[in-house]
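Working notes, beginning with the structure itself.
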Amino acid sequence: MTDKKIEIFKPNQIIRGNPLNLSLEGKKMMNAIIYAVSKYDFKKRQIKTEMRFFRKAMNLEKDNSYVDIISGALKSLATPIVIKNYKDENGNFYKRKSLAFLDNDFNIGKNTKDANSNKWQLDFKVNQTFFNLIKNAYNGNYTCLEWKKISNKFSSKYSISIYEYLKSFHSDHKYLKVELQTLNETLGTNNLPLSKACIILDRCIKEILLKSDINYLKYEKVKKKKQIIFYFIPKENIEKSRNKKQVQKQIQSLTKKIST
């Protein structure tokens with residue numbers, strides 16, 4: 001794995017769900033697992049590999065505590081998270097569904113086949129539902145993420161959650177209205193009021209603008225409606241565009257009246 005542009009197609013059902021207590025390391029490892037599953041083998045949920053693959057994927061080459069970090073990430077991924085707007089293989093639709101990304105019978109240890117080996121091994125299984133989501137992400141309901149270069153840089157689990165959520169709308173929207181409840185779900189926070197959620201949000205935006213491919217990001221609070229409006233371009237540019245469209249419509253309307 002080189003430092004070239006490495007992307008994943010991450011299902012929006014996961015990105016726009018509720019991470020609950022998923023750790024920062026768990027979020028980063030999830031992206032590495034999605035990459036491994038989609039790149040190497042769509043047929044097997046069971047992943048057996050040397051830990052060095054995930055050490056490199058999560059940019060932990062210089063961290064001597066990588067075994068503990070990856071172990072903690074696996075434990076985090078074995079706890080339930082909520083996915084949204086999920087349709088299973090039988091066509092059953094779930095607005096919300098809670099389950100763990102990994103089955104809880106993962107193993108970490110040295111290579112037992114070679115007594116002289118000091119290479120750490122991982123053995124875990126991706127949950128069937130998540131495996132199906134990853135496998136079918138190419139059908140269209142996904143966000144393309146340059147995860148290794150960007151997502152791995154974030155030092156806050158809140159930043160990576162907000163970044164990926166906004167990125168899932170970024171290419172198709174100039175602005176985005178988000179309810180406070182949705183913001184809390186995305187952050188994995190427990191019903192924070194708007195003022196406290198914005199304190200976290202301010203730190204996230206600062207890190208996102210510094211470390212990601214989102215070059216412009218501001219927001220405003222709508223206190224009465226308990227909403228946040230994110231702007232991906234300056235608000236004044238959006239208003240100018242609206243005014244221009246209104247003028248064009250008026251001209252078209254007048255032109256039709258004159259022609260008739």
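What's counted below: heavy atoms across the whole structure, side chains too, no hydrogens, waters or symmetry copies. None of these values were measured; they are calculated from a predicted model.
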Self-check item: Pair Lys235 + Glu220, salt bridge at N-O below 4.0 Å
Solution: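 Glu220 and Lys235: salt-bridged.
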Practice problem: Take Ile134 and Ile8 through the side-chain contact (heavy atoms from CB on, under 4.5 Å) test and state the conclusion after the steps. | Solution: CA-CA 10 Å; Ile134 297 167; Ile8 57 171; over 6 Å; no
So, does [X] use its side chain to make a donor-acceptor pair with the main chain of [Y] at under 3.5 Å?
{"X": "Ser76", "Y": "Ser23", "result": "yes"}
{"X": "Asp63", "Y": "Ser65", "result": "yes"}
{"X": "Arg45", "Y": "Val126", "result": "yes"}

Answer with yes or no whether the side chains of [Y] and [X] bring together a donor and an acceptor at under 3.5 Å.
{"X": "Ser151", "Y": "Lys28", "answer": "no"}
{"X": "Asn107", "Y": "Gln121", "answer": "no"}
{"X": "Asn141", "Y": "Asn12", "answer": "yes"}
{"X": "Tyr216", "Y": "Asn237", "answer": "no"}
{"X": "Ser155", "Y": "Glu207", "answer": "yes"}

Quiz prompt | salt bridge (Lys or Arg N to Asp or Glu O under 4.0 Å) between Lys149 and Asp213, worked out | solution = CA-CA 10 Å; Lys149 183 178 179 181; Asp213 53 350; over 6 Å; no
Atom pair [atom1]/[atom2] of [X] and [Y] - distance to nearest 0.5 Å:
{"X": "Tyr231", "Y": "His173", "atom1": "OH", "atom2": "NE2", "result": "13.5 Å"}
{"X": "Ile108", "Y": "Ser71", "atom1": "CD1", "atom2": "OG", "result": "3.0 Å"}
{"X": "Asn18", "Y": "Ser98", "atom1": "CG", "atom2": "OG", "result": "8.5 Å"}
{"X": "Ile6", "Y": "Asn152", "atom1": "CD1", "atom2": "CG", "result": "9.5 Å"}

Quiz item: Which word best sums up how the rings of Trp147 and Tyr35 line up, parallel for under 30°, tilted for 30 to 60°, or perpendicular for over 60°?
Solution: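 Ring orientation, 0 to 90° scale: tilted.
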Less than 4.5 Å apart, side chain to side chain, heavy atoms only: is that true for [X] and [Y]?
{"X": "Asp123", "Y": "Phe106", "answer": "no"}
{"X": "Glu50", "Y": "Trp120", "answer": "no"}
{"X": "Phe93", "Y": "Asp88", "answer": "no"}
{"X": "Glu89", "Y": "Asn136", "answer": "yes"}

Quiz item: Between Ala100 and Asn127, which heavy-atom pair has the shortest distance, and what is it?
Solution: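 Answer, listing the atom of Ala100 first, then Asn127: O-CB, 3.2 Å.
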Quiz item: What is the minimum heavy-atom distance between Asn31 and Lys10, and which atoms define it?
Solution: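 Heavy atoms of Asn31 and Lys10 come nearest at OD1-NZ, 2.9 Å.
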Quiz item: Given the side-chain rings of Tyr142 and Phe9, with only the six-membered ring counted for Trp, is the space between their centroids under 6.0 Å?
Solution: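 Aromatic pair counts; centres sit under 6.0 Å.
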Exercise. Given salt bridge (Lys or Arg N to Asp or Glu O under 4.0 Å), test Lys84 with Glu185 step by step and report yes or no.
Key: CA-CA 11 Å; Lys84 285 187 175 180; Glu185 289 178 349; 2.4 Å; yes
Quiz item: Out of curiosity, does Leu20 fall in the hydrophobic cluster containing Tyr86 (side-chain heavy atoms, cut-off under 4.5 Å, transitive links)?
Solution: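 In one cluster with Tyr86: Leu20, no.
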Quiz item: Under 6.0 Å from the six-membered ring centre of Phe169 and within 45° of its axis: does the NZ or CZ of Arg16 meet both?
Solution: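 Yes; both conditions hold, so Arg16 lies above the ring face of Phe169.
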Quiz item: Does NZ or CZ of Lys97 lie under 6.0 Å from the centre of the six-membered ring of Tyr94, at an angle within 45° of the ring axis?
Solution: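 So Lys97 does make the cation-pi contact.
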Quiz item: If you draw a 6.0 Å radius around NZ in Lys135, do more than 12 non-hydrogen atoms from other residues or ligands fall strictly inside?
Solution: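 Counting other residues, nucleotides and ligands, NZ of Lys135 exceeds 12 neighbours.
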Self-check item: Over 12 foreign heavy atoms within 6.0 Å of CG, Asn85
Solution: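 Result for CG/Asn85: enclosed.
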